[in-house]
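First up is the structure itself, then whatever we jot down about it.
Please read all numbers here as calculations on a predicted model, not as lab measurements. Reckoned from all heavy atoms, side chains included, excluding hydrogens, waters and symmetry mates.
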Amino acid sequence: MSKRTTAAVWVKGIAEMLAAEGMDPCALLAAAGIEPAALDTQGARLPTEKISRLWELAAERSGNPAIGLAQHHVVRPASFDVVGYTMMSCADLRGAFERLIRYLLILSDALTMTMSEERDGYRVTFVLFGGDRPVPRQRIEFIFVTVIGFCRWISGRNVHPWAIELPYPAPLDPAPYRAAFRCPVSFDAPRCSLLFAGADILRRCRHRTRSLRKCTSGLPASSCGISIMPRSATGCGN
């Protein structure tokens, strides 16, 4: 097993989504080798292989290969932990993505992100390291809908990508992808990426405030008195 990990706070968002879909997150976590109590342990991190296994089990037991897209309308700010606050302090989504890329190690050292300017747009490319297991499509698809949802929330606008690339085969049922992304999706692509219009990326964000910007100009955020947003329990031992 590799030493790449992801913050438990991100996995808690996955567990909440699975619970909302009527699944038993505690049983799924245990089957994936994840102690449910770890999701409520500050600073806990989980191996990338176990998170991939969690998604494999979720797809298997739900019978829904698009389970990663199931709660695409739900915004999960708490999944971004303190990094979310630094993103909220930015003037626009370009700045927010730059902050996410800069502080991504706080959330995961199994994921890398880059952003490049293209004609009339900005492409954000994701590389997810799975270690000893292949990365299931549900895992990256959940990342995509979670990032897009947070972008909508902090911008105050119904932002959608122009185009999406996924390195997985086209699904038998494309309807969940149309509902979740509302843009063209290229399957069997050479990369995982989101392409946003320049106008959307550069327009001023709703949540930018002077006090928040001052507080989150540097990390750690604990020095600013930041606490994590309230969130629902997963139902595992709560």
Which atom names give the shortest non-hydrogen contact between Asp188 and Ala170, and what distance separates them? OD2-N, 4.4 Å

Single-linkage hydrophobic cluster, 4.5 Å side-chain cutoff, Ile101 and Ile106 together: yes

Can you list the residues that meet the side-chain contact (heavy atoms from CB on, under 4.5 Å) rule with Gln71, with sequence neighbours excluded? Met17, Ala20, Glu21, His73, Val74, Arg76

Val9 and side-chain contact (heavy atoms from CB on, under 4.5 Å): which single residue from Thr41, Asp40, Asp81, Val83 fits? Asp81

Other ILVMFWY residues reachable from Leu105 by side-chain steps of under 4.5 Å: none

Out of the candidates Val145, Val147, Thr146, only one should pair with Ile143 under the side-chain contact (heavy atoms from CB on, under 4.5 Å) rule; please name it. Val147

To check you understand the geometry: which heavy-atom pair defines the closest contact between Tyr168 and Val135, and what is its length? OH-O, 2.9 Å

Arg204 and Asp92: side chain to side chain contact (heavy atoms under 4.5 Å, CB included), yes or no, with the steps? CA-CA 5 Å; Arg204 187 177 180 86; Asp92 52 39; 5.9 Å; no

Between the OG atom in Ser79 and the CZ atom in Phe142, the distance rounded to the nearest 0.5 Å is 5.5 Å

Can you name the closest pair of heavy atoms from Pro25 and Ala15 and give their distance? CB-O, 3.7 Å

With sequence neighbours left out, the residues meeting side chain to side chain donor-acceptor pair (under 3.5 Å) with Tyr122 are Arg94

Listing, residues 113-121 side-chain donor-acceptor contacts under 3.5 Å, not counting sequence neighbours, or none:
residue, atom, partner, partner atom, Å
Glu118, OE1, Arg123, NH2, 3.4
Glu118, OE2, Arg123, NE, 2.7

Can you name the ring-ring contact (aromatic ring centres under 6.0 Å, His included) partners of Phe187, sequence neighbours left out? Tyr177

Non-neighbouring partners of Gln138 that pass side chain to side chain donor-acceptor pair (under 3.5 Å), sequence neighbours left out: none

Evaluate the side-chain proximity of Ile14 to Trp55: yes if any heavy-atom separation is below 4.5 Å, no if none is. yes

Could you grab the distance from atom CG of Leu111 to atom CD1 of Ile51, nearest 0.5 Å is fine? 10.5 Å

Keeping Arg53 on the side-chain end and Leu29 on the backbone end, is there a donor-acceptor pair under 3.5 Å? no

Nearest 0.5 angstrom please: Lys12 NZ to Leu46 CG, how far? 12.5 Å

Are Arg139 and Glu56 packed together at the side-chain level, in the sense that at least one heavy-atom pair is separated by less than 4.5 angstrom? no

Are Val159 and Ile148 side-chain neighbours, meaning at least one heavy-atom pair lies under 4.5 Å? no

My understanding is that only residues two or more places apart in sequence, or in another chain, count here; which of them pass side-chain contact (heavy atoms from CB on, under 4.5 Å) with Pro190? none

Could you work out, with side chain to side chain donor-acceptor pair (under 3.5 Å) as the rule, every residue matching Arg191, not counting sequence neighbours? Glu165

Output for pair (Arg45 CZ, Ser108 OG), nearest 0.5 Å, gives 6.5 Å

For Glu60, which residues count as a side chain to side chain donor-acceptor pair (under 3.5 Å) partner, sequence neighbours excluded? none

Going from OG on Ser155 to CG on Leu93, what distance comes out if it is rounded to the nearest 0.5 angstrom? 5.0 Å

Taking the side chain as everything from C-beta on, heavy atoms only, tell me whether Cys90 gets closer than 4.5 Å to Glu98. no

Members sharing Leu195's hydrophobic cluster (side chains within less than 4.5 Å): Trp162

Pair Ile67, Leu18 - check side chain to side chain contact (heavy atoms under 4.5 Å, CB included), show working. CA-CA 8 Å; Ile67 187 69; Leu18 295 174; 4.1 Å; yes

Indicate the atoms forming the closest heavy-atom contact of Cys26 with Pro36, along with that distance. O-CG, 4.1 Å

Please evaluate residues Ile34 and Leu39 with respect to the criterion side chain to side chain contact (heavy atoms under 4.5 Å, CB included), reporting the C-alpha separation (whole Å), side-chain torsions for both, the decisive distance (0.1 Å), and the verdict. CA-CA 9 Å; Ile34 298 171; Leu39 273 56; 4.0 Å; yes

Cys192: which residues meet the side-chain contact (heavy atoms from CB on, under 4.5 Å) condition with it, sequence neighbours left out? Phe126, Ile140, Phe144, Pro167

On a heavy-atom basis, which atom in Ala96 and which in Ile154 lie closest, and how many Å separate them? CB-CD1, 3.8 Å

Can you find a heavy atom in the side chain of Ser193 that is under 4.5 Å from one in the side chain of Val124? no

Where does the angle between the aromatic ring planes of Trp10 and Phe80 fall among parallel (under 30°), tilted (30 to 60°) and perpendicular (over 60°)? perpendicular

Got a donor-acceptor contact below 3.5 angstrom from the Thr5 side chain to the Ala110 backbone? no

Contacts of Asn158 that satisfy side-chain contact (heavy atoms from CB on, under 4.5 Å) - sequence neighbours left out: Arg152, His160, Arg182

Can you find a heavy atom in the side chain of Phe150 that is under 4.5 Å from one in the side chain of Met88? yes

Given 3.5 Å as the limit, does a donor-acceptor pair link the side chain of Ser52 with the main chain of Glu49, or not? no

So Ile164 and Pro184, do their side chains get closer than 4.5 Å, heavy atoms only? no

d(Met87 CE, Leu100 CG) to nearest 0.5 Å is 4.5 Å

Between Ile201 and Phe196 the two heavy atoms that sit nearest each other are CG1-CB, 3.5 Å

